[in-house]
Amino acid sequence: VQLQASGGGLVRTGGSLRLSCSASGGIQRIGRIDDMGWYRQAPGMQRELVAMSNMGGNIDYTESVQGRFTISRDNAKNTVYLQMNSLKPEDTAVYYCNAKVISYNWDDTPVAGNYWGQGTLVTVSS
């Protein structure tokens, strides 16, 4: 399973960006994506949860982005989005897509995995 993220870039304070992340099975067949969401890691800092959506529709946001960021999913496309508004310099980080996936090998053996995307850089200038 591979996660492909896109949408990062440079934006001024108060601006907006939309991140996208799509999951593909490669040689495996994706059966179900449970949790799917975003983490971020700023320079010199630990990776932190930004927003997470589970299959049941429950959503968690870290407190610092509540009211500014919105996570959404298109389950038919195995894709998660993060709409980021009112961006602040402290939002500057590499954003990583994360997904917990049940996939199947060629012989229908189920595989449970926790996968990460390659990271996309978001830079907010003051």
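Position 1 is the first residue of the sequence, and the numbers go up from there. A quick note: this is a predicted structure, and the numbers were derived from the prediction, not measured. Values below: every heavy atom of this structure, side chains too, minus hydrogens, waters and symmetry copies.
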Report the C-alpha separation of Tyr61 and Leu49 in whole Å, then their side-chain angles, then the decisive distance to 0.1 Å, and conclude whether the side chain to side chain contact (heavy atoms under 4.5 Å, CB included) test is met. CA-CA 8 Å; Tyr61 294 101; Leu49 173 69; over 6 Å; no

The side chain to side chain contact (heavy atoms under 4.5 Å, CB included) partners of Asn58 (sequence neighbours excluded) come to Asn54

Geometric cation-pi criterion, Arg47 with Trp116: 6.0 Å, 45°: yes

For Tyr81, does the six-membered ring have the charged nitrogen or CZ of Arg73 within the cation-pi criterion, i.e. under 6.0 angstrom from the centroid and within 45° of the normal? no

Hey, is the main chain of Gly117 close enough, under 3.5 Å, to the side chain of Gln4 for a donor-acceptor pair? no

Would you check if the side chain of Arg18 reaches a backbone N or O of Met84 as a donor-acceptor pair within less than 3.5 Å? no

Heavy-atom check, side chain of [X] versus side chain of [Y], under 4.5 Å:
| X | Y | value |
| --- | --- | --- |
| Thr109 | Tyr104 | no |
| Glu48 | Gln41 | no |
| Val11 | Thr123 | no |
| Val50 | Leu82 | yes |
| Ile33 | Asn78 | yes |
| Pro89 | Thr13 | yes |

Decide yes or no on side chain to side chain contact (heavy atoms under 4.5 Å, CB included) for Ile30 and Val101, but give the supporting numbers first. CA-CA 7 Å; Ile30 293 177; Val101 180; 4.0 Å; yes

Would [X] and [Y] count as having a side-chain donor-acceptor pair, cut-off 3.5 Å?
| X | Y | answer |
| --- | --- | --- |
| Asn114 | Asn98 | yes |
| Asn85 | Ser16 | yes |
| Ser20 | Ser6 | no |

Of Arg32, Gln28, Arg29, the one forming a side chain to side chain donor-acceptor pair (under 3.5 Å) with Ser103 is Gln28

Nearest heavy-atom neighbours spanning [X] and [Y]:
| X | Y | answer |
| --- | --- | --- |
| Arg40 | Ser64 | NH2-OG, 3.3 Å |
| Asn75 | Met55 | ND2-SD, 4.0 Å |
| Gly7 | Leu17 | O-CD2, 3.9 Å |
| Ser22 | Thr79 | OG-OG1, 2.8 Å |
| Ala99 | Leu3 | N-CD1, 3.8 Å |
| Met36 | Cys21 | CE-O, 3.7 Å |

Give the intermediate values and the outcome of side chain to side chain contact (heavy atoms under 4.5 Å, CB included) for residues Ile27 and Trp106. CA-CA 8 Å; Ile27 62 173; Trp106 63 273; over 6 Å; no

Mark yes when over 12 heavy atoms from residues, nucleotides or ligands other than Gln2 sit less than 6.0 Å from its CD; otherwise mark no. no

Gln46 atom CD, neighbour heavy-atom count above 12 within 6.0 Å: no

Check whether Leu87 and Val65 end up in the same hydrophobic cluster, where Ile, Leu, Val, Met, Phe, Trp and Tyr are linked by side-chain heavy atoms less than 4.5 Å apart. yes

For residues Val1 and Tyr39: do they belong to one hydrophobic cluster (side chain heavy atoms under 4.5 Å, members Ile, Leu, Val, Met, Phe, Trp, Tyr)? no

Would you give the length of the straight line joining atom CG of Asp60 to atom CG of Asp35, rounded to the nearest 0.5 angstrom? 9.0 Å

Give the intermediate values and the outcome of side chain to side chain contact (heavy atoms under 4.5 Å, CB included) for residues Val122 and Leu19. CA-CA 9 Å; Val122 172; Leu19 306 183; 4.1 Å; yes

Please give the remaining members of the hydrophobic cluster of Leu10, linking ILVMFWY side chains under 4.5 Å, ordered by chain and number. none

Which class fits the ring pair Tyr95 and Phe69: parallel under 30°, tilted 30 to 60°, perpendicular over 60°? tilted

